[in-house]
Amino acid sequence: MYKILFTLLFGRMDPEQAHHLAFRWIRRVARVPVLRTFVAAVLAPRHRELRTEALGLRLHSPFGLAAGFDKNAVGIDGMAMLGFDHVEIGTVTGEPQPGNPKKRLFRLVADRALINRMGFNNEGSLAVAARLASRTPVFRTVVGVNIGKTKAVPEDEAVADYVKSAERLAPYADYLVVNVSSPNTPGLRSLQAVDHLRPLLTAVREAADRTVPARRVPLLVKIAPDLADEDIDAVADLAVELGLDGIIATNTTIAREGLGLTSAPAVVAETGGLSGAPLKARSLEVLRRLYARVGDRITLVGVGGVENAEDAWQRILAGATLVQGYSAFIYEGPFWGRALHKGLAARLRTSPYASLADAVGADVRTTV
Ligand SMILES: Cc1cc2nc3c(=O)[nH]c(=O)nc-3n(C[C@H](O)[C@H](O)[C@H](O)COP(=O)(O)O)c2cc1C
């Protein structure tokens, strides 16, 4: 049903325009109390067994919205209404910026994938902090804040730019994410090298502690699937050394593997990060590697090609305490969250595990 509607409504529309249109409608519905209560009851029914704890936070379920969908924190309650029990806003940069020239988002429908080179289009840390400060939450959802580097800031001043965002946004963040893995900001991914990452994460940690002394804001780093295995290990070791709270694996890939022959070669050749189904295998592999390295010492968030409850369950067994998605929401539509919750609850009930927490990493623990 959604697939027919999707084709009729959005099929010919530019994907970025379609995103804005759909997101505007979600926000409209969420503003009307009776409507949002009804929609949430239908699309986001709660399953007790999915309640979980991560990063010192209590969540209705492990399932949330990955960064990039709500870059400016304009629709947190709208997404919570659709069953996303945590919403990661951003990436927010120190200064506002328009992002890359359009057209910058492409659908690969046959591959259930997207390619984007948005380039961190966002209103900047000051405006987003002001919006979060004035927000009156309707649904109890966890809000993560993902920060990145302003494009115009030279690489040797990157730390100061992240610190600026951290200082402004940490007060409103249930958790903070240092994004060093987008392929669309020149030089950004080189910050994943341990020599660059150590001072960056240390400075952001200090900035968060300085600005929010009353609470320890959990700090995570989001990594690329394109890192070599030894670099993944190095980031994992650094995270343990610095007492980081979590690692998000993964961002989009610059690789073009896992694509069928049906997507137009011209689209496949577009510059940008690939997300969705073709990313599934590598994201899962990175997650397993991380869990084998850090075990339960650090919270892992699994993202990349999660399309259904089975995928989410596989991420949990591979070590993820939280699971996020973005691209599949575009293809599956508003009933996606409901189906995922229902399927995940059923999967847990028929498993040998008493709780989600028991299932986290179970596959990796038995193979190492
Ligand atoms: C259009 C688009 C924009 C994105 N923007 C961001 C971003 O600003 N920051 C970020 O950390 N990840 C961003 N991502 C990456 C997603 O958060 C996620 O890591 C990736 O898409 C893999 O998940 P998926 O396969 O479920 O989409 C973006 C993804 C898409 C498709």
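All ligand and atom numbering here is 1-based and tracks the order in the structure. Fair warning: this is a prediction, and the values are worked out from it, not measured in the lab. Side chains are part of it too, since the values below use all heavy atoms of this structure and drop only hydrogens, waters and symmetry mates.
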TODO: Of the side chain and backbone of Glu88, name the one, both, or neither that has a heavy atom under 4.0 Å from an atom of ligand 1.
DONE: neither

Open item on the list: Donor-acceptor check, side chain of Glu16 to backbone of Arg104, threshold 3.5 angstrom: yes or no?
Closed with: no

Task: Min heavy-atom dist Ser182 to ligand 1 below 4.0 Å - done: no

Open item on the list: Closer than 4.0 Å to some heavy atom of Gly325 - which atoms of ligand 1 meet that?
Closed with: 26 (O)

Open item on the list: Do the side chains of Asp229 and Arg289 get close enough for a salt bridge, i.e. N-O under 4.0 angstrom?
Closed with: yes

Task: Closest candidate by heavy atom, reference atom 12 (N) of ligand 1, pool Arg117, Lys222, Glu307 - done: Lys222

TODO: Give the numbers and elements of all ligand 1 atoms closer than 4.0 Å to a heavy atom of Thr252.
DONE: 15 (C), 20 (C), 21 (O)

Task: Nearest-0.5 Å distance that lies between atom CG in Asn184 and atom CD1 in Ile254 - done: 10.5 Å

Open item on the list: Please state which option from Asn146, Ile223, Val178, Ile147 has its nearest heavy atom closest to atom 11 (O) of ligand 1.
Closed with: Asn146

Task: Check: Gly305 N/O within less than 3.5 Å of ligand 1 N/O - done: yes

Task: Atoms of ligand 1, numbered as shown, that sit under 4.0 Å from any heavy atom of Ser327 - done: 24 (P), 25 (O), 26 (O), 27 (O)

Open item on the list: Geometry only, no angles: is Leu279 polar-contacting ligand 1 at N/O separations under 3.5 Å?
Closed with: no

Task: Parallel, tilted or perpendicular: ring planes of His47 versus His341, cut at 30 and 60 degrees - done: parallel

Task: Presence of salt bridge, Glu270 and Lys103, under 4.0 angstrom - done: no

TODO: Using the side-chain contact (heavy atoms from CB on, under 4.5 Å) rule, pick out the option among His19, Gln17, Arg24 that qualifies with Leu21.
DONE: Arg24

Task: Check: Thr299/Asp245 side-chain N/O donor and acceptor closer than 3.5 Å - done: no

Open item on the list: Within the structure, is a non-hydrogen atom of Thr250 found at a distance of less than 4.0 Å from ligand 1?
Closed with: yes

- [ ] Going by heavy-atom distance to atom 3 (C) of ligand 1, choose the closest among Phe120, Phe106, Tyr326.
- [x] Tyr326

- [ ] Just go through Ser275, Gly148, Ala67, Gly68 and tell me whose heavy atom is the nearest to atom 14 (N) of ligand 1.
- [x] Ala67

- [ ] Would you mind telling me if ligand 1 is within reach of the side chain of Asn251, the backbone, both or neither, using heavy atoms under 4.0 Å?
- [x] both

Task: Close-contact set for ligand 1 against Leu114 heavy atoms, below 4.0 Å - done: 31 (C)

TODO: Would you check if the side chain of Arg112 reaches a backbone N or O of Glu332 as a donor-acceptor pair within less than 3.5 Å?
DONE: no

Task: Shortest protein heavy-atom distance from atom 9 (N) of ligand 1, along with the residue and atom involved - done: Thr91 OG1, 2.6 Å

- [ ] Using distance alone, decide if ligand 1 has a nitrogen or oxygen within less than 3.5 Å of any nitrogen or oxygen in Asn116.
- [x] no

Open item on the list: Can a donor-acceptor pair be found, under 3.5 Å and without considering hydrogens, that links the side chain of Asp161 to the backbone of Thr150?
Closed with: yes

Task: Derivation and outcome, side chain to side chain contact (heavy atoms under 4.5 Å, CB included), residues Val221 and Leu238 - done: CA-CA 11 Å; Val221 65; Leu238 179 70; over 6 Å; no

TODO: Considering heavy atoms of the protein only, find what lies nearest to atom 8 (O) of ligand 1 and give residue, atom and distance to 0.1 Å.
DONE: Lys71 NZ, 2.9 Å

Task: Salt bridge Arg205-Asp209, side-chain N to carboxylate O under 4.0 Å - done: yes

Task: Per-atom contacts of ligand 1 with Leu105, taking only distances under 4.0 Å to non-hydrogen atoms - done: 1 (C)

